[in-house]
**Q** 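Quick one: this structure, given as structure tokens, is what I'll be asking you about.
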2 protein chains.
Amino acid sequence: MVALSLFFFKALGLSMQRKRNGYNDTDVPTLADVARLAGTSEITASRVVRNQGPIADATRARVQRAIAELGYIPNRAAGSLASAASTLMAVVLPSLSNIVFPDVLRGIHTAITETAFQPVIGVTDYDPVVEERILLSFLAWKPAAVIVAGLHHTATARRYLERGRFRVAEVMDIDGDPVDIAVGMSHHEAGHATGRHLISRGYRNFGYAGHMIETDDRASARYNGLRAALQEAGLSLVAEHRTPGGSSTKIGRDSLEILLAQHPELDVVIFPNDDMALGGIFHCMHAGIPVKEKLGIFGFNGLDIGQALPMPLSTILSRRFLIGRTAAEKLLESRVRPEDKTIINTGFDIIEGETA
Amino acid sequence: MVALSLFFFKALGLSMQRKRNGYNDTDVPTLADVARLAGTSEITASRVVRNQGPIADATRARVQRAIAELGYIPNRAAGSLASAASTLMAVVLPSLSNIVFPDVLRGIHTAITETAFQPVIGVTDYDPVVEERILLSFLAWKPAAVIVAGLHHTATARRYLERGRFRVAEVMDIDGDPVDIAVGMSHHEAGHATGRHLISRGYRNFGYAGHMIETDDRASARYNGLRAALQEAGLSLVAEHRTPGGSSTKIGRDSLEILLAQHPELDVVIFPNDDMALGGIFHCMHAGIPVKEKLGIFGFNGLDIGQALPMPLSTILSRRFLIGRTAAEKLLESRVRPEDKTIINTGFDIIEGETA
DNA sequence: AAGAATAATGACAGCGCTACCATAAAGCCC
DNA sequence: GGGCTTTATGGTAGCGCTGTCATTATTCTT
């Protein structure tokens with residue numbers, strides 16, 4: 001139907017106004033084309049498109065018919081330029097390699113799904129310099145809001161975040177001074193709680209099997225919190241092993257094997273996240289080590305897969321979906337940055353599980 | 001340093017030209033500001049920014065100094081409007097809930113990291129209507145290229161893809177007629193290969209534990225391929241169980257339990273993906289069923305986690321990273337859509353594993 | 001040395017849309 | 001009924017950038 005109408009429209013010699021300077025020689029319809037077909041001014045058609053201002057029902061219907069007939073798609077570049085603000089929400093995350101950040105993303109989606117906002121996603125691989133680069137390239141599109149992970153950024157990135165005329169949510173972490181809004185949990189506290197929990201369970205010979213991303217600030221904060229808790233109890237880490245690169249189940253498995261080879265006296269090993277802890281459990285299964293009785297295993301995140309294990313993983317639940325949703329909701333509350341900064345603690349839960 | 005210079009600049013009364021119509025009352029520097037400070041015309045400054053056309057070294061240096069001093073960020077909305085094309089690459093994927101699509105994304109990133117392109121990511125939750133909506137909202141930004149998953153789209157979406165003046169890559173699947181480029185593998189063949197492999201291993205009583213996303217075309221194609229292979233061997237599926245909703249390890253575990261309760265005679269169960277197959281293995285561990293000897297388990301994707309298990313999962317490796325990288329590379333080869341469609345088969349490998 | 005090619009720069013218009021202000025018509029108040 | 005608000009619509013002037021074409025300086029030919 002649409003195609004047919006378009007055909008007649010052109011066949012009747014009513015073809016859309018040619019673009020003037022020739023380099024846009026397509027027949028992509030513009031708002032002017034819609035207005036002409038609907039018999040209104042451009043600005044009225046624009047109001048219908050944006051559902052803004054008072055429009056007579058009959059006019060609205062005519063414009064909407066014209067839009068459908070032409071297959072008109074608004075040019076957001078033009079709209080953004082004219083109104084000095086876009087409907088984009090820039091989302092800059094460290095990684096998409098495990099479910100954690102996709103969960104945050106789903107939360108964001110949920111919050112903005114009924115609004116005009118569109119998320120634009122960038123991935124930094126935990127590199128602050130990459131974060132800065134991506135951030136600047138996103139700022140070139142004049143986003144209405146920015147969501148970034150964590151409170152640590154390059155000086156330049158921080159400056160742009162502070163000066164920009166957009167809302168900013170820093171998610172996951174609340175240990176620090178946010179630019180505008182911070183939504184997340186204290187990873188130091190989570191590490192501390194891990195330590196206290198395991199001590200109360202009777203574990204004494206603590207090992208840590210981590211990765212070597214120094215820029216994974218939150219894993220570092222949990223590690224420090226854990227050490228603090230041990231120290232308060234007069235204990236300390238007996239051993240730790242760090243594997244270069246990122247985190248994965250395979251690396252967790254290999255790390256635990258190496259760690260135990262050198263330190264068979266360990267009675268519990270903490271991993272920076274569930275993915276690696278799972279690898280630890282797989283190693284124990286393979287090596288015939290009774291998990292919990294002989295060796296406790298503790299993770300972080302509370303992923304579904306850890307809870308689907310024959311023995312549910314002992315870990316800490318981070319509320320990732322809630323963090324994403326809350327951050328986006330807060331950003332939508334007001335277009336202008338308020339005087340006061342907001343810090344929202346979404347907390348965490350210890351999942352006792354059966355592995356520690 | 002930058003901030004300091006800016007301060008002096010203003011203190012000396014050289015403050016940037018006020019915006020005329022008042023609604024953009026910020027001091028966000030524009031190309032005109034850069035040009036003024038560098039003592040050139042706007043268009044020359046523009047050429048420096050875009051690294052385009054012949055520029056004298058001295059001029060380039062002056063302009064770059066001005067850019068740094070002002071903290072100038074190009075307004076891509078204006079650039080995109082003026083040149084009728086953006087540097088955006090729209091990426092529309094069904095899900096980010098497992099590592100599969102993030103792997104594709106990493107491949108895309110790898111291919112475009114040295115170019116001016118920026119990916120814009122949308123998630124459809126396997127809903128073609130959502131896909132259409134996201135696609136249209138992305139087209140409003142005049143992307144230079146679009147990457148979508150699969151070859152099935154709503155009629156409207158397909159029409160826009162065909163008519164648009166941008167390159168299109170349809171990834172994951174090659175069983176069908178692409179708009180422009182298809183990069184992926186035949187999921188029907190993968191399912192077929194699964195069936196033949198398991199038959200050759202001596203399995204005869206086949207079960208299938210799946211989910212109920214009818215719109216997961218690729219899982220459906222694998223299912224059909226599997227059934228075809230069984231039929232060719234004079235066999236058929238003894239039983240299948242489908243759980244409503246998406247796929248997860250937990251669901252895989254529950255599905256297998258239900259399936260076995262009703263059909264204890266099964267000697268092998270195929271899952272639509274590794275996540276669910278993992279759940280199947282966890283059920284076996286829990287229920288004390290010897291995997292492979294008593295019950296074969298077969299997945300799809302070849303995720304790391306399945307290979308880190310005490311007994312590596314038998315599955316099919318899909319080349320997700322390669323698919324993403326190849327698709328993006330192909331898109332970069334030419335800005336205009338060629339006459340002929342391209343289909344690139346990235347193939348697959350059977351990972352024999354120890355579970356079937 | 002005259003002409004041709006190349007390098008370097010700029011003037012100008014316009015991309016498609018929306019903020020601002022103006023206008024006209026209709027309803028409302030006492 | 002005269003002023004007032006409210007509803008509905010339009011004219012105009014940009015938003016900040018880049019395509020096109022023109023111009024001038026410089027280098028290269030033969």
Side-chain angles (χ1 to χ4, degrees), chain A residues 16-36 38-63 67 70 72-87 116 139-142, chain B residues 16-36 38-63 67 70 72-87 116 139-142:
Chain A
M16 285 169 276
Q17 186 187 34
R18 287 264 128 215
K19 303 311 181 294
R20 278 116 304 213
N21 66 356
Y23 64 81
N24 182 352
D25 57 357
T26 63
D27 279 336
V28 175
T30 70
L31 198 57
D33 297 317
V34 171
R36 204 170 309 120
T40 72
S41 67
E42 279 189 57
I43 186 66
T44 297
S46 171
R47 288 187 182 116
V48 173
V49 170
R50 286 177 295 149
N51 204 19
Q52 202 234 54
I55 300 286
D57 289 345
T59 308
R60 183 189 315 277
R62 280 208 322 281
V63 171
I67 288 172
L70 297 175
Y72 168 72
I73 297 182
N75 184 329
R76 289 299 315 145
S80 173
L81 180 60
S83 66
S86 77
T87 55
L139 295 191
W141 293 99
K142 308 280 171 201
Chain B
M16 286 168 277
Q17 187 187 32
R18 288 265 126 213
K19 302 310 181 294
R20 278 115 308 213
N21 65 356
Y23 64 81
N24 182 351
D25 57 357
T26 63
D27 280 337
V28 175
T30 70
L31 198 57
D33 298 318
V34 171
R36 205 171 308 119
T40 71
S41 67
E42 280 188 58
I43 187 66
T44 298
S46 171
R47 288 184 183 120
V48 172
V49 170
R50 286 178 294 151
N51 204 19
Q52 202 235 54
I55 300 286
D57 289 346
T59 308
R60 183 190 314 278
R62 281 206 324 280
V63 171
I67 288 172
L70 297 175
Y72 168 72
I73 297 181
N75 183 329
R76 288 298 315 143
S80 173
L81 179 60
S83 67
S86 78
T87 55
L139 295 191
W141 294 98
K142 308 280 171 201

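The analysis underlying the following values was restricted to heavy atoms, covering all of them including side chains, and did not include hydrogens, waters or symmetry mates. We name chains A, B, ... by the order of the sequence lines, and we start the count at 1 in each one.
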**Q** In whole angstrom, give the distance that lies between atom CG of Leu81(A) and atom P of dT18(D).
**A**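 In whole Å, dT18(D) P lies 11 Å from Leu81(A) CG.
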**Q** Measure the CZ-CG distance between Arg62(B) and Asp57(B) for me, rounded to the nearest 0.5 Å.
**A**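 Spacing of CZ (Arg62(B)) from CG (Asp57(B)) equals 12.0 Å.
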**Q** dG16(C) P sits how many Å from Lys142(B) NZ, rounded?
**A**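 Between P of dG16(C) and NZ of Lys142(B): 8 Å.
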**Q** Please state how far atom CZ in Arg36(A) lies from atom P in dC17(C), giving the value in whole angstrom units.
**A**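 Checked: the CZ to P distance equals 12 Å.
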**Q** Considering only nitrogen or oxygen atoms on both sides, find all protein atoms under 3.5 Å from nucleotides 24-28 of chain C and state each distance.
**A**
none

**Q** Please report, rounded to the nearest Å, how far the C1' atom of dT9(D) is from the CD atom of Glu42(A).
**A**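 Interatomic distance, CD of Glu42(A) to C1' of dT9(D): 14 Å.
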**Q** Report the residues that fulfil side-chain hydrogen bond (donor to acceptor under 3.5 Å, both in side chains) with Ser46(A), sequence neighbours left out, ordered by chain and then residue number.
**A**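 Arg50(A).
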**Q** For DNA chain C, which residues of residues 45-63 of chain A approach it to below 4.0 angstrom with any heavy atom?
**A**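 The answer is Ser46(A), Arg47(A), Arg50(A).
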**Q** Just the rounded figure in Å: distance from C1' of dA22(C) to CD1 of Ile43(A).
**A**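 After rounding, the reported distance stands at 13 Å.
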**Q** Taking distance alone, no hydrogens or angles, what donor-acceptor pairs closer than 3.5 Å link side-chain atoms of residues 74-82 of chain B to residues at least two apart or in another chain?
**A**
residue	atom	partner	partner atom	Å
Asn75(B)	OD1	Ala77(B)	N	2.9
Asn75(B)	OD1	Ala78(B)	N	3.1

**Q** Rounded to the nearest 0.5 Å, how far does CG of Asp33(A) lie from CG of Leu70(A)?
**A**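 Taking CG in Leu70(A) and CG in Asp33(A), the distance rounds to 6.5 Å.
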**Q** So, does Thr44(A) get its side chain near the phosphate of dG10(D), meaning an N or O under 4.0 Å from OP1 or OP2?
**A**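 Checking dG10(D) against Thr44(A), a side-chain N or O does come within under 4.0 Å of OP1 or OP2.
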**Q** Specify the separation, in whole Å, of atom CG of Asn75(A) and atom C1' of dC15(D).
**A**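 These atoms are roughly 13 Å apart.
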**Q** Any base atoms under 4.0 Å from Thr40(A), or only sugar-phosphate, or nothing? Heavy atoms, all strands.
**A**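 Counting heavy atoms under 4.0 Å across all strands, the contact made by Thr40(A) is with sugar-phosphate only.
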**Q** Estimate the overall bend of the helix from dA1(C)-dT30(D) to dC30(C)-dG1(D) from the end axes over five pairs each, rounded to 10 degrees.
**A**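 That helix gives 20° between its end axes.
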**Q** Tell me every residue that passes side-chain hydrogen bond (donor to acceptor under 3.5 Å, both in side chains) with Thr44(A), counting only those two or more places apart in sequence or in another chain.
**A**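 Only Ser41(A) meet the side-chain hydrogen bond (donor to acceptor under 3.5 Å, both in side chains) criterion with Thr44(A).
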**Q** Between dT18(D), dC17(D), dG16(C), which one does the side chain of Ser83(B) approach most closely?
**A**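 Of dT18(D), dC17(D), dG16(C), dT18(D) is nearest to the side chain of Ser83(B).
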**Q** Find the distance Leu31(A):CG to dT9(D):C1' and express it as a whole number of Å.
**A**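 My rounded result for the distance is 14 Å.
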**Q** Counting only side-chain N and O atoms of Ser41(A), is one of them less than 4.0 Å from OP1 or OP2 of dG10(D)?
**A**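 Checking dG10(D) against Ser41(A), a side-chain N or O does come within under 4.0 Å of OP1 or OP2.
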**Q** Taking side-chain contact (heavy atoms from CB on, under 4.5 Å) as the test, write out the residues that go with Ala35(A), two or more places apart.
**A**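 For Ala35(A), the residues satisfying side-chain contact (heavy atoms from CB on, under 4.5 Å) (neighbours in sequence not counted) are Thr40(A), Glu42(A), Ala45(A).
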**Q** Which heavy atom of Tyr72(B) sits nearest a heavy atom of Val49(B), and at what distance?
**A**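 Heavy-atom minimum between the residues: CE2-CG2, 4.1 Å.
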**Q** Partners of Thr59(B) by side-chain hydrogen bond (donor to acceptor under 3.5 Å, both in side chains), sequence neighbours excluded?
**A**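 Listed in chain order: nothing, the list is empty.
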**Q** What I'd like to find out is whether the side chain of Asn51(B) reaches to under 4.5 Å of the side chain of Arg60(B), using heavy atoms alone.
**A**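 Of all side-chain heavy-atom pairs linking Arg60(B) with Asn51(B), at least one is under 4.5 Å.
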